[in-house]
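The analysis underlying the following values was restricted to heavy atoms, covering all of them including side chains, and did not include hydrogens, waters or symmetry mates. Being a predicted model, the structure only gives us computed values, none of them experimental.
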Amino acid sequence: AAGTVPRRRPPRSDMGRGLTLLLLPLALLAAPARAEGGLAAAEEEVQIEVLHLPEACSPKSKKGDLLNAHYDGFLASDGSKFYCSRTQNEGHPKWFVLGVGQVIKGLDIAMMNMCPGEKRKVTIPPSLAYGQQGYAQGKIPPNATLIFEIELYAVNKGPRSVEAFNQIDKDGDKKLSELEISQYLKEEFARDGKKRHPLAHDEILADIFKKNDHDRDGFISAKEYNVYQHDEL
């Protein structure tokens with residue numbers, strides 16, 4: 001389920017040794033439970049305030065993109081800060097895939113159509129955050145409205161799109177090996193030129209296999225790969 005901290009498992013290869021999986025630094029922001037009904041549609045909307053918009057606003061984020069961002073989280077009730085990405089993982093921005101539940105639903109909504117360099121302040125109602133249960137571990141009380149200040153650094157093509165699949169599948173056998181995906185990630189990271197944590201490559205690689213290699217055969221088939229259902233393979 002979204003938000004569950006993954007259990008450690010033996011690495012698939014030397015490339016995976018010593019990993020901290022991608023979702024570990026995101027655990028606080030992934031809702032452990034969804035709120036159940038009860039609120040009017042108008043109350044469930046995410047409020048977005050653009051604090052800074054670069055002149056060159058491209059590309060804009062969409063579902064399935066791999067984003068790199070910093071964000072601070074506050075309780076709307078008293079303004080207290082409950083989360084700061086800059087104090088974790090040696091201050092490196094967080095990587096996550098947009099629109100697939102790796103963060104709370106409100107953040108998935110709030111960060112759509114956002115461009116590199118853009119800053120937003122967003123208000124998220126309880127129904128799109130931690131709902132009636134709250135999240136005690138994250139010091140978030142029940143029925144809490146949350147405010148996030150977000151700075152987006154990079155928007156990369158999601159490593160699970162049709163276009164990416166065809167680029168990764170060098171031998172054209174309609175399945176992806178760990179070596180093929182590893183090479184693709186290296187090329188994408190080199191292309192954007194952003195500084196990132198040394199383990200980012202391995203974390204994302206491990207996360208992709210954990211989420212997609214359902215039959216655990218060491219390959220990701222076209223069917224397994226297209227988990228986001230935004231394209232057809």
Roughly how far apart are [X] [atom1] and [Y] [atom2], rounded to 0.5 Å?
{"X": "L176", "Y": "N212", "atom1": "CG", "atom2": "CG", "result": "9.0 Å"}
{"X": "S77", "Y": "N143", "atom1": "OG", "atom2": "CG", "result": "11.5 Å"}
{"X": "F74", "Y": "T123", "atom1": "CZ", "atom2": "OG1", "result": "11.5 Å"}
{"X": "H70", "Y": "E149", "atom1": "NE2", "atom2": "CD", "result": "13.5 Å"}
{"X": "I208", "Y": "L66", "atom1": "CD1", "atom2": "CG", "result": "8.0 Å"}
{"X": "N68", "Y": "K94", "atom1": "CG", "atom2": "NZ", "result": "10.0 Å"}

Side-chain contact, heavy-atom cut-off 4.5 Å: [X] with [Y]?
{"X": "L128", "Y": "I104", "result": "no"}
{"X": "E45", "Y": "I109", "result": "no"}
{"X": "P116", "Y": "P59", "result": "yes"}
{"X": "K119", "Y": "I150", "result": "no"}
{"X": "S182", "Y": "H201", "result": "yes"}
{"X": "L146", "Y": "F82", "result": "yes"}
{"X": "I220", "Y": "I181", "result": "yes"}
{"X": "E49", "Y": "L51", "result": "yes"}

For residues [X] and [Y], report the shortest heavy-atom separation together with the two atoms involved.
{"X": "K170", "Y": "E187", "value": "NZ-OE2, 4.2 Å"}
{"X": "M112", "Y": "S61", "value": "C-OG, 3.5 Å"}
{"X": "L152", "Y": "A69", "value": "CD1-CB, 3.9 Å"}
{"X": "L98", "Y": "D108", "value": "CD1-O, 3.5 Å"}
{"X": "D65", "Y": "K60", "value": "OD2-O, 3.9 Å"}
{"X": "D169", "Y": "K174", "value": "OD2-N, 2.8 Å"}

Verdict with supporting geometry, L53 and C115, side-chain contact (heavy atoms from CB on, under 4.5 Å): CA-CA 8 Å; L53 188 65; C115 56; 3.8 Å; yes

Under 3.5 Å side-chain donor-acceptor pair for Y153 and E151: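 Present: a donor and an acceptor within the cut-off.
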
Q102 side chain to D207 side chain, donor-acceptor N/O pair below 3.5 angstrom: yes

For the backbone of [Y] and the side chain of [X], can you confirm whether one donor and one acceptor N or O come within less than 3.5 Å of each other?
{"X": "D202", "Y": "A206", "answer": "no"}
{"X": "E224", "Y": "S221", "answer": "yes"}
{"X": "Q88", "Y": "S85", "answer": "no"}

E118/V50 under side-chain contact (heavy atoms from CB on, under 4.5 Å): CA gap, chis, key distance, verdict: CA-CA 8 Å; E118 185 174 345; V50 177; 3.7 Å; yes

Verdict with supporting geometry, I147 and V122, side-chain contact (heavy atoms from CB on, under 4.5 Å): CA-CA 6 Å; I147 296 174; V122 302; over 6 Å; no

K175 charged N/C atom sitting above F219 aromatic ring, 6.0 Å / 45°: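 Geometry flag: set, cation within 6.0 Å and 45°.
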
Ring geometry between Y135 and Y130 (parallel below 30°, tilted from 30 to 60°, perpendicular above 60°):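 The rings of Y130 and Y135 lie parallel, inter-plane angle below 30°.
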
Test: R86 and D72 ion pair at under 4.0 Å: yes

Residue pair F209, E178: steps toward the side-chain contact (heavy atoms from CB on, under 4.5 Å) verdict: CA-CA 8 Å; F209 269 87; E178 189 168 289; 3.7 Å; yes

